[in-house]
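Beneath this line is the structure, given in structure tokens, with notes to follow.
Chain A is the first sequence line, chain B the second, and so forth, proteins listed ahead of strands; every chain is numbered from 1.
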Number of protein chains: 4
Amino acid sequence: MTLHAATPTLKERQRQERERLILRAAGEVLADQGYDGMSMEDVASRVGISRAAIYLHFPSKEDLVFALLGRGIQMFAESVDDIFASGLTPREKVRAIIEHSYGGMAQPSFRFFNAVLQSPTFLSKMTERQRTMRDVWNPIQQRLTDVLDEGKRSGDFDTEMPTSLMVSLLSGLLTPFTFKQMVEQEGMPLPEVVNFLSRYFLKGIAPSQPDDLPETRRPAH
Amino acid sequence: MTLHAATPTLKERQRQERERLILRAAGEVLADQGYDGMSMEDVASRVGISRAAIYLHFPSKEDLVFALLGRGIQMFAESVDDIFASGLTPREKVRAIIEHSYGGMAQPSFRFFNAVLQSPTFLSKMTERQRTMRDVWNPIQQRLTDVLDEGKRSGDFDTEMPTSLMVSLLSGLLTPFTFKQMVEQEGMPLPEVVNFLSRYFLKGIAPSQPDDLPETRRPAH
Amino acid sequence: MTLHAATPTLKERQRQERERLILRAAGEVLADQGYDGMSMEDVASRVGISRAAIYLHFPSKEDLVFALLGRGIQMFAESVDDIFASGLTPREKVRAIIEHSYGGMAQPSFRFFNAVLQSPTFLSKMTERQRTMRDVWNPIQQRLTDVLDEGKRSGDFDTEMPTSLMVSLLSGLLTPFTFKQMVEQEGMPLPEVVNFLSRYFLKGIAPSQPDDLPETRRPAH
Amino acid sequence: MTLHAATPTLKERQRQERERLILRAAGEVLADQGYDGMSMEDVASRVGISRAAIYLHFPSKEDLVFALLGRGIQMFAESVDDIFASGLTPREKVRAIIEHSYGGMAQPSFRFFNAVLQSPTFLSKMTERQRTMRDVWNPIQQRLTDVLDEGKRSGDFDTEMPTSLMVSLLSGLLTPFTFKQMVEQEGMPLPEVVNFLSRYFLKGIAPSQPDDLPETRRPAH
DNA sequence: TATGAATGAGTTTTCATTCAT
DNA sequence: GATGAATGAAAACTCATTCAT
């Protein structure tokens, strides 16, 4: 009936829109109820459709969340790409990444990252599928690695600390853990939190000064 | 018949031992299945008793986990107290805290902290009970605050950064997040992780040098 | 597509039919097992559906029974209304009420009234809901009160006895207690039981004759 | 060790006392929680002993309640015997029975009768044991029958109504149903309730006057 | 395509009853 | 004798998933 097979438009467009709505709803529920706490009914009623309709788009709860995760990761990766391609200095790039993450976290759209990444239920289902979180998370890690390595080369960051550890520390910072504490409970304005966090992280990974080392206890000479 | 009521009477001893076993099992399951993933059956079978027997010690799943949490917090608080009372410098104290936490985390005994603190299901049940996580977590926060404030006074730590934020950052570091990444997946030896983490955190909260500020983008002069 | 929204759309019809079937089954089980003895499985298997399917219609066992009770009360109330509006004399109305009740009681549809009203478990749950049995039972009591007050005004019934007591006595008579004894165990035909009961009650509440009083013991003259 | 086998005293006395305490506690719990609502723990803790200790006296919950029922029936039967043997007129005897029952009902000691007699769970267990309630209840019925038959012979009561029905009606009156309504909810003083009830019942079973009959609707001639 | 209906598997919790000490 | 500990069986309820319409 469609004139041009190349026009996936109408129906297809509606379908994708529906899918987006479902993903958005799922993200919201996920963000504040967690993977186990999220029921298909929650999502469906938020979109205003029936539970069964979700299965027209995603074969299972697991797949739905996985898709959401994938989309989130991709979006985040694209942002990091933009930042990477900008003319900013490595330090400024790190700051921009933190800023961007926390900006997004205010909208619940990013909060669910944590929800998913911390849910043993989801993670174990993932493992059953032979898909390590490692693979999924890889695009992000790779990009962060690139930024940090660039900083190492430019002499901005500590070359002694393995980049993988830096990546892990930065990821940990982007988790809503600190965010919730400070903004929601202490009432600190978001930009200020971002400022402090950036400074903290950059100082933490700055090239070591001679007097940074003495952490391993030595007798005062 | 016993002269001193202080004698825990064997029966009582056994009871406490059972209780410890249950708590331990619960901690293990919790650590790798999360709050929702942990079923009473899991715990029971791990201890080698029946589901119902658990209810002889704890009135509900919620209470069991709550008890576990309480015990964990108390143990941690005591360790921090010891460290605080030692003659170490503030920087050394912070390092000792990190070291201790990660040492404990290797045994799954501490891993469950995260499991619980990140479970929306449990947290919301807690809220229903009018017991904020804030109150529960308070003893820890207070102690960390003490250590960090001491360091501020001694000139070791940045006085511009609010202590509450530092506490939050330190707490975030003690979370098994980074730990899992580095030790379990990257295979880095634990002491090395501790070393890096301590240095990172201490550098991050060190008093600001003039050239630490430029994070707010300024035109190149 | 249906022209009139008033058309219950087949689906809806089926749904209501199912609901009726569930209620009926529940009534039966309730009548001979009591509230505590009735398990959702009992009801489900009697209808030929799964336990879970019941929850598609009623959110809990409590609600199911409550709905059943409500329906029963409403049906009974309507019957009493019809009787009240008839041209019968007060005495005849009372008789009609008794007759109607016992007629209905033969079908187990009414038997459950007693089951519910006598179940401490259910009653206490009701209290938790802040819904006194008083409120629920009120429509019935009100109607019986109307009939009896009418009889008092017409001089048919004893004006000295509080109507509330009369209502209570009549209610007690409608309880399947006596019914079970006489019909099921003694084998007395139902109409005869109704006859005796009506006469007994009407004589009992008839206006007092001077020589009815002497119940308080007096010395034989 | 006991000097005289004939002295079942000390130990035995204590045993019986313990048994009485258990029965009393069971009666109380039964009265306001019903058979299903009564847990062995409820009873035990009320007596101040352990659940297991109850089983030293009664082989099962069922037996415990059965014993309680038996004792209650026997006590009631004895009271009726006393009344029967007194020099009172039949009408006065009936009144005395009602008075006695309601007096007892104020103390919860009698309330449990109803609880038990209306519990399908208990009744069905009874049936399994091949012991009809009929047999158990028989001593009471027999005595009430005696009193009422005496009244029939003396011309005080309606000879047309079968005595078994009268017994059933009287039993129904002794049920706490009306009692609860009037005393607990309407606040009517107990003696007044007894007065009204006695008059009502006696009028109800009084010998029929010609004009009592017309209940069966006949065409006005 | 969308949905209401249906379900099986699983979860927490309760309780009468038994038994070693 | 008395008890604390232990348990098996049941029961209410939830939820992801399927399917006929």
[X] has an atom [atom1]; how far is it from atom [atom2] of [N], in whole Å?
X: E17(C); N: dG4(E); atom1: CD; atom2: C1'; value: 17 Å
X: L56(B); N: dT14(E); atom1: CG; atom2: C1'; value: 12 Å
X: I54(D); N: dA2(F); atom1: CD1; atom2: P; value: 12 Å
X: L21(B); N: dA6(F); atom1: CG; atom2: C1'; value: 15 Å
X: Q16(C); N: dA5(E); atom1: CD; atom2: P; value: 11 Å
X: H57(D); N: dA16(E); atom1: NE2; atom2: P; value: 18 Å
X: D42(B); N: dG10(E); atom1: CG; atom2: C1'; value: 11 Å
X: Q14(C); N: dA5(E); atom1: CD; atom2: C1'; value: 10 Å

Output for pair (S124(A) OG, D32(B) CG), nearest 0.5 Å, gives 9.5 Å
Rounding to 0.5 Å, atoms NE2 (H57(C)) and CD (E19(C)) come to a distance of 6.0 Å
Keeping S45(A) on the side-chain end and G48(A) on the backbone end, is there a donor-acceptor pair under 3.5 Å?
no
Short N-O contact, R129(C) and D63(C), less than 4.0 angstrom:
yes
Do the side chains of R20(B) and E17(B) get close enough for a salt bridge, i.e. N-O under 4.0 angstrom?
yes
Given the rule in the side chain to side chain contact (heavy atoms under 4.5 Å, CB included) test, do V43(C) and E28(C) qualify, once you have shown the distances and angles that lead to the verdict?
CA-CA 9 Å; V43(C) 177; E28(C) 289 166 12; over 6 Å; no
Provide the closest heavy-atom pair for E62(C) versus M126(C) in the form atom of the first, atom of the second, distance.
OE2-N, 4.4 Å
A correct 5'-to-3' footprint of nucleotides 14-21 of chain F, with B, S and - meaning base, sugar-phosphate only and no protein heavy atom under 4.0 Å, is BBSBBB--
Kindly confirm or rule out a cation-pi arrangement of K61(A) over Y35(A), judged by NZ or CZ under 6.0 Å from the six-membered ring centre and within 45° of its axis?
yes
Measuring to OP1 and OP2 of dA5(F), would you say a side-chain N or O of R15(B) lies under 4.0 angstrom away?
yes
Taking only the side-chain nitrogens and oxygens of R18(D), find out if one of them lies under 4.0 Å from OP1 or OP2 of dG1(F).
no
With sugar-phosphate meaning primed atoms plus P, OP1 and OP2, does I49(A) contact a base, only sugar-phosphate, or nothing at under 4.0 Å between heavy atoms?
sugar-phosphate
With pairs taken as Watson-Crick or G-U wobble and both distances under 3.5 angstrom, which stems of at least three consecutive pairs involve DNA chain F?
E:2-21 with F:2-21
For R24(B), does the CZ atom have more than 12 heavy-atom neighbours from other residues, nucleotides or ligands under 6.0 Å away?
no
